[in-house]
Amino acid sequence: MRLRAVLFDMDGTLLDTAPDFIAICQAMLTERGLPAIDAQKIRDVVSGGAKAMVSATFNLDPDAEGFEALRLEFLERYQQGCAVHSKLYDGMAQLLADIEKGNLIWGVVTNKPVRFAEPIMQQLGLSERSALLICPDHVKNSKPDPEPLILACKTLNLDPASVLFVGDDLRDIESGRDAGTRTAAVRYGYIHPDDNPNNWGADVVVDHPLELRKVLDNALCGC
């Protein structure tokens with residue numbers, strides 16, 4: 001079936017949002033008189049969310065006393081500065097332009113709450129271009145459940161087989177596959193050092209956004 005739409009995970013796929021997370025974590029350390037940590041330690045756990053990043057930053061177990069207060073502070077800070085340093089990945093702007101020139105639809109399906117995701121899309125000028133933004137607020141079950149992708153396809157009135165979902169985590173590929181979409185895994189995102197995108201069962205694995213051009217060309221011609 002000919003490709004009609006491309007849907008992206010947000011963090012680590014469409015956008016490099018880690019710089020904002022890192023800045024917040026380092027600021028929290030500095031204000032407590034603690035030394036900065038290697039930024040890569042934070043990048044490696046971005047996919048694990050606020051809990052994982054706070055745990056890595058303070059080397060603290062989530063069950064430890066005071067952890068929840070740190071997590072809530074992290075989220076409050078992120079609410080105020082969620083799009084200061086975040087940006088499209090290298091090559092992604094050109095890929096989106098190519099998608100639009102090819103008269104394809106594109107959108108975002110993320111596990112990031114809408115209170116963070118929407119402002120980021122707006123501040124980066126992507127809201128008016130994206131066909132949809134599906135967040136956990138819109139469904140009962142988040143990825144890896146197929147519900148977000150099923151909702152996206154229904155909203156766009158498209159057969160899942162005509163949709164490509166691109167992500168940087170196993171849960172993205174599982175969600176897309178179970179929803180019936182085609183899937184692409186990216187190696188450039190927030191991949192844990194012990195993980196390997198080649199093992200996720202995606203239809204294709206790429207190292208750079210522009211490598212998806214060939215995937216799109218093949219799909220558009222029904223190859």
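Bear in mind that the values here come from a model prediction, so they are computed numbers and not experimental data. Starting from 1, each residue takes its place in the sequence as its number.
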Throw together a table of side-chain donor-acceptor distances under 3.5 angstrom for residues 128-139, partners on residues two or more places apart or in other chains.
unit_1 : atom_1 : unit_2 : atom_2 : d
Arg129 : NE     : Glu100 : OE2    : 2.9
Arg129 : NH2    : Glu100 : OE1    : 3.1
Arg129 : NH2    : Glu100 : OE2    : 3.1
Ser130 : OG     : Leu132 : N      : 3.4
Ser130 : OG     : Leu132 : O      : 2.8
Asp137 : OD1    : Val114 : N      : 2.9
His138 : ND1    : Cys135 : N      : 2.9

| query | With respect to Lys143, which candidate in Asp9, Asn111, Asp178 satisfies the side chain to side chain donor-acceptor pair (under 3.5 Å) definition? | reply | Asp9
| said: Hydrogens and angles aside, do Asp169 and Trp200 bring a side-chain donor and acceptor to less than 3.5 Å of each other? | reply: no
Taking distance alone, no hydrogens or angles, what donor-acceptor pairs closer than 3.5 Å link side-chain atoms of residues 45-56 to residues at least two apart or in another chain?
unit_1 : atom_1 : unit_2 : atom_2 : d
Ser47  : OG     : Tyr190 : O      : 3.3
Ser55  : OG     : Leu60  : O      : 2.7

| query | Is a donor on one side and an acceptor on the other found under 3.5 Å between the side chain of Arg43 and the backbone of Ala39? | reply | no
| What is the ring orientation for Tyr78 with Phe116, classed by angle as parallel under 30°, tilted 30 to 60°, or perpendicular over 60°? | tilted
| message | Do Phe58 and Leu29 have side chains that approach each other closer than 4.5 Å (heavy atoms only, starting at C-beta)? | response | yes
| field | Check: Arg187/Asn198 side-chain N/O donor and acceptor closer than 3.5 Å | value | yes
Cut-off 3.5 Å, no hydrogens considered: what does the side-chain donor-acceptor table look like for residues 150-163, sequence neighbours left out?
unit_1 : atom_1 : unit_2 : atom_2 : d
Thr155 : OG1    : Leu151 : O      : 2.8
Asp159 : OD1    : Ala161 : N      : 2.8
Ser162 : OG     : Asp159 : O      : 2.7

| task | Provide the closest heavy-atom pair for Phe8 versus Leu14 in the form atom of the first, atom of the second, distance. | result | CB-CB, 4.1 Å
| said: Could you tell me if Asp16 and His85 have a donor-acceptor pair between their side chains, going purely by distance under 3.5 Å? | reply: no
| N-O pairing of Glu76 and Arg115 below 4.0 Å | no
| So, for Asp203 and Arg182, which heavy atoms are closest and what is the spacing to 0.1 Å? | OD2-CA, 3.2 Å
